[in-house]
Amino acid sequence: MTITVHHLENSRSQRILWLLEELGLPYAVERYDRNKATMLAPPELRRIHPLGKSPVIDDGGVVVAETGAIVEYLVEKGDGRLGAPAHRDDALRYRHFLHYAEGSLMPPLVIKLVLSRVPLLGKTAQKKFQPMIDVHLDYVEAELAARPWFAGKDFTAADVMMSFPLEAAVARAGATEGRPHIAAWLAKIHARPAYQAALKAGGPYAYA
């Protein structure tokens, strides 16, 4: 059965297309454009899920929202491929980064984006907020210096989850300045055939 991905341009849902490509699961894309004035999702998404957010998937009438929940659902549907590694320490890192991406790393980046749109006050606030983001980016750099992928030696769905905040941080928070391991990791994921296929399926992706 084909999974329908309700995909909003330039959003977290790009990760879902990528994961589906990595897992080789059949899917179709319903694409939505942002409101050009507000940059918010269109009201049509509320017909799919009450929150009107993306990503949302529909798998034969089973509607799943929230990126992390969708990732876990798809990994299970893919017979555990790209899921938690067998080694206990790697499995713990997998779960950590699966939730860290949205729970800890993404919120300060979103706040900085909002502040960037506040005239005058925004620039001053952004400068004061940047050190908080740098703590996270330095932590991520150290983790990637210790191993090739976030969970360990193998690529997993935790890497898929970490892609969007780090891509956003490149433009918004100088993620790769003085952080060669983040830069190298981004180059690796962008070179993956499944990542490239997901870009073609989802349309333009200007995460910056």
Is a salt bridge present between [X] and [Y], judged by a nitrogen-to-oxygen distance below 4.0 Å?
X: Glu167; Y: Arg12; answer: no
X: Arg15; Y: Glu22; answer: no
X: Arg179; Y: Asp138; answer: yes
X: Arg31; Y: Asp33; answer: yes

Below 4.5 Å, heavy atoms only, C-beta onward: do [X] and [Y] meet side chain to side chain?
X: Leu17; Y: Pro55; value: no
X: Arg93; Y: Arg147; value: yes
X: Tyr100; Y: His136; value: yes
X: Ile57; Y: Tyr27; value: no
X: Leu199; Y: Tyr195; value: yes
X: Thr156; Y: Phe97; value: no
X: Phe129; Y: Ile111; value: yes
X: Asp59; Y: Val64; value: no

Would a single hydrophobic cluster contain both [Y] and [X], if residues Ile, Leu, Val, Met, Phe, Trp and Tyr are joined by side-chain heavy-atom contacts under 4.5 Å?
X: Leu40; Y: Leu45; value: no
X: Leu92; Y: Met162; value: no
X: Val62; Y: Leu51; value: no
X: Phe164; Y: Ile189; value: yes

I'd like to know whether the aromatic ring centres of Phe155 and Trp18 sit less than 6.0 Å apart in this structure.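 Distance test on ring centres: under 6.0 Å, yes.
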Taking atom [atom1] of [X] and atom [atom2] of [Y], what is their separation to the nearest 0.5 Å?
X: Glu21; Y: Leu23; atom1: CD; atom2: CG; answer: 10.0 Å
X: Thr176; Y: His181; atom1: OG1; atom2: NE2; answer: 13.5 Å
X: Leu74; Y: Leu25; atom1: CG; atom2: CG; answer: 6.5 Å
X: Met1; Y: Asp58; atom1: CE; atom2: CG; answer: 9.5 Å
X: Leu166; Y: Trp185; atom1: CG; atom2: CH2; answer: 5.0 Å
X: Tyr205; Y: Ser11; atom1: OH; atom2: OG; answer: 8.0 Å

Not counting sequence neighbours, which residues clear side chain to side chain donor-acceptor pair (under 3.5 Å) with Gln14? List them please.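 Listed in chain order: nothing, the list is empty.
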So, for [X] and [Y], which heavy atoms are closest and what is the spacing to 0.1 Å?
X: Ala84; Y: Ala91; value: CB-CB, 4.2 Å
X: Gly83; Y: Val75; value: CA-CG1, 3.6 Å
X: Met161; Y: Thr67; value: SD-CG2, 3.5 Å
X: Ala101; Y: Pro165; value: O-CG, 3.9 Å
X: Leu137; Y: Ala169; value: CD2-CB, 4.1 Å

Residue Glu66 excluded, over 12 heavy atoms near CD under 6.0 Å: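 No, CD of Glu66 has 12 or fewer neighbouring heavy atoms, counting only those of other groups under 6.0 Å.
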Look at atom CD of Glu177 and say whether more than 12 heavy atoms of other residues, nucleotides or ligands are closer to it than 6.0 Å.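 For Glu177, atom CD is not crowded (no more than 12 foreign heavy atoms under 6.0 Å).
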Between Val56 and Val63, does a side chain to side chain contact (heavy atoms under 4.5 Å, CB included) hold up when you go through it step by step? CA-CA 7 Å; Val56 177; Val63 176; 3.5 Å; yes
Evaluate side chain to side chain contact (heavy atoms under 4.5 Å, CB included) for Ile16 paired with Val71, printing each intermediate quantity in order. CA-CA 7 Å; Ile16 302 306; Val71 166; 4.0 Å; yes
Is it true that a side-chain atom of [X] and a backbone atom of [Y] form a donor plus acceptor pair closer than 3.5 Å?
X: Gln196; Y: His190; result: yes
X: Lys53; Y: Ala65; result: no
X: His7; Y: Glu30; result: no
X: Arg34; Y: Leu8; result: no
X: Arg81; Y: Gly78; result: yes

Verify side chain to side chain contact (heavy atoms under 4.5 Å, CB included) between Phe150 and Val140, making sure each step is shown before the conclusion. CA-CA 9 Å; Phe150 277 102; Val140 170; 3.7 Å; yes
Intermediate values then yes/no, side chain to side chain contact (heavy atoms under 4.5 Å, CB included), Leu82 and Tyr94: CA-CA 10 Å; Leu82 303 185; Tyr94 169 85; over 6 Å; no
Side chains of His6 and Ser54: is there a donor and an acceptor less than 3.5 Å apart?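 No, no side-chain donor-acceptor pair sits under 3.5 Å.
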Is the NZ or CZ atom of Arg192 positioned over Trp149's six-membered ring, under 6.0 angstrom from the centre and within 45° of the axis?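 Flagged: Arg192 positioned over aromatic ring of Trp149.
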